[in-house]
Amino acid sequence: MPELVFFSGTMDCGKSTLALQIEHNRSARGLQGLIFTRNDRAGEGKLSSRLGLVTDSVEAGEGFDFYAHVVAHLSAGGRADYVICDEAQFLAPEQIDQLARVVDDLELDVFAFGITTDFRTRLFPGSQRLVELADRIEVLQVEALCWCGARATHNARTIGGHMVVEGEQIVVGDVGQPETVVGYEVLCRRHHRRRLTSAAARAAALSPDVLPVDPDA
């Protein structure tokens, strides 16, 4: 039976890499899929991995209708054996409903990949709808790590190396960005709660206030 599968995880845990691997495995067996993404780091109409892999995709912007697009593709004589959708957290709930309809009415597998929660630890509307509708939810087992070495479970937004907890929910960025621009960092829950990024931890380690004091000095 066809399924709507939601692959979830933090940033930097290999979601896009897995999406590309699924595409490779199926296309190698002669299957043809439709690939969609939104706000990919590589630009419009691209699905990219931090490992350097990239492929063309259809940009699913605001107001895009997945069901109508797939029906039009099939009606024009195109072939589709499955659908891959990356950055699904950015989709509107009604677009997730359309993906579910692709599964139920067109009997195609849909593989959706996305972050579950935003930098404020709040569910993205698209991810929430996927949790509500998906036949199966797979949490990726490749563990992203916090700067402390613990398993990273939360996404932090940073500006100038400092964590921020206010602002628009969707601001496109990436991990490993220069400290002068908006970036993201994955943290464990403890350090996300304490707003302690790697830059803040380094600054604290170098501060004279936390250096050992010789009582005899």
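Model, not experiment: these values are computed from the prediction.
- No side-chain heavy atom of D109 sits less than 4.5 Å from a side-chain heavy atom of V5.
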Test L18 against L140 for side-chain contact (heavy atoms from CB on, under 4.5 Å), laying out the working first.
-> CA-CA 9 Å; L18 179 58; L140 269 65; 4.3 Å; yes
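- Remark: L99 CG to L91 CG distance equals 6.5 Å, nearest 0.5 Å.
- Scanning all heavy atoms of the two residues, the minimum distance from A60 to Q95 falls at O-NE2, 4.4 Å.
- Ring-centre distance between Y184 and F119: not below the 6.0 Å cut-off.
- The aromatic rings of F111 and F7 sit tilted, their planes meeting at an angle between 30° and 60°.
- Hydrophobic clustering, with ILVMFWY side chains joined whenever heavy atoms are under 4.5 angstrom apart, groups V110 together with F66.
- Of all heavy-atom pairs between R120 and V165, the closest is CG-O, 3.4 Å.
- Across A134 and F6, no two heavy atoms sit closer than the pair CB-CB, 4.1 Å.
- Qualifying side-chain contact (heavy atoms from CB on, under 4.5 Å) partners for Q32, counting only residues two or more places apart in sequence or in other chains: R79, D81.
- Looking at heavy atoms from C-beta onward, R157 lies in side-chain contact with V182 at the 4.5 angstrom threshold.
- Under the 4.5 Å side-chain contact rule for hydrophobic residues, F64 and L4 share a cluster.
- In this structure, I137 CD1 and E132 CD are separated by 10.0 Å, a value rounded to the nearest 0.5 Å.
- One finds the CD atom of E3 at 13.5 Å from the CD atom of E107 (value rounded to the nearest 0.5 Å).
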Report the C-alpha distance between R101 and D105 in whole Å, list the side-chain angles of each, state the deciding distance to 0.1 Å, and finish with yes or no for salt bridge (Lys or Arg N to Asp or Glu O under 4.0 Å).
-> CA-CA 6 Å; R101 189 180 178 192; D105 293 0; 3.0 Å; yes
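- Put simply, CZ on R193 and OG1 on T121 are 10.5 Å apart, with the number rounded to the nearest 0.5 Å.
- Linking Ile, Leu, Val, Met, Phe, Trp and Tyr residues whenever their side-chain heavy atoms come within less than 4.5 Å places L34 and V103 in a single cluster.
- Remark: S127 pairs with no residue by the side-chain hydrogen bond (donor to acceptor under 3.5 Å, both in side chains) rule, at least two apart or across chains.
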I115 and F124: side-chain contact (heavy atoms from CB on, under 4.5 Å), yes or no, with the steps?
-> CA-CA 8 Å; I115 299 167; F124 281 100; 4.1 Å; yes
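- At distances below 3.5 Å, not a single donor-acceptor pair connects side-chain atoms of W147 with backbone N or O atoms of A201.
- Linking ILVMFWY residues whenever their side-chain heavy atoms come closer than 4.5 Å, directly or via other members, places I35 and L31 in the same cluster.
- Side chain to side chain, E87 and Q89 meet the donor-acceptor criterion of an N or O pair below 3.5 Å.
- Y82 contributes atom OH, which lies 5.0 Å from atom OG of S27 (distance to the nearest 0.5 angstrom).
- Residues D97 and R129 are paired through a salt bridge, judged by an N-O separation under 4.0 Å between the basic side chain and the carboxylate.
- Judged as a side-chain hydrogen bond (donor to acceptor under 3.5 Å, both in side chains), not a single pair has a partner in residues 62-75 (not counting sequence neighbours).
- Judged by distance alone, with hydrogens and angles left aside, the side-chain atoms of Q128 form no donor-acceptor pair with the main-chain N or O of T117 at under 3.5 Å.
- Closest non-hydrogen pair, E59 versus R38, comes out as OE2-CA, 3.5 Å.
- Closest non-hydrogen pair, C146 versus H191, comes out as SG-ND1, 3.7 Å.
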Can you check side-chain contact (heavy atoms from CB on, under 4.5 Å) on T158 and V164, steps first, answer last?
-> CA-CA 6 Å; T158 60; V164 295; over 6 Å; no
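- Side chains of S198 and E185: a donor-acceptor N/O pair is present below 3.5 angstrom, by distance only.
- For A80 against L108, the heavy-atom pair with the smallest separation is O-CD2, 3.2 Å.
- For the atom pair CZ of F113 and CG of L47, the computed distance is 8.5 Å after rounding to the nearest 0.5 Å.
- Under the 4.5 Å side-chain heavy-atom criterion for grouping Ile, Leu, Val, Met, Phe, Trp and Tyr, L145 is not connected to L196 through any hydrophobic cluster.
- Between the side chain of S57 and the backbone N or O of K46 there is at least one donor-acceptor pair closer than 3.5 Å.
- A salt bridge links E138 to R136: one of the charged nitrogens lies within less than 4.0 Å of a carboxylate oxygen.
- For the pair L106/V71, a side-chain contact is recorded, criterion being any heavy-atom separation below 4.5 Å from C-beta on.
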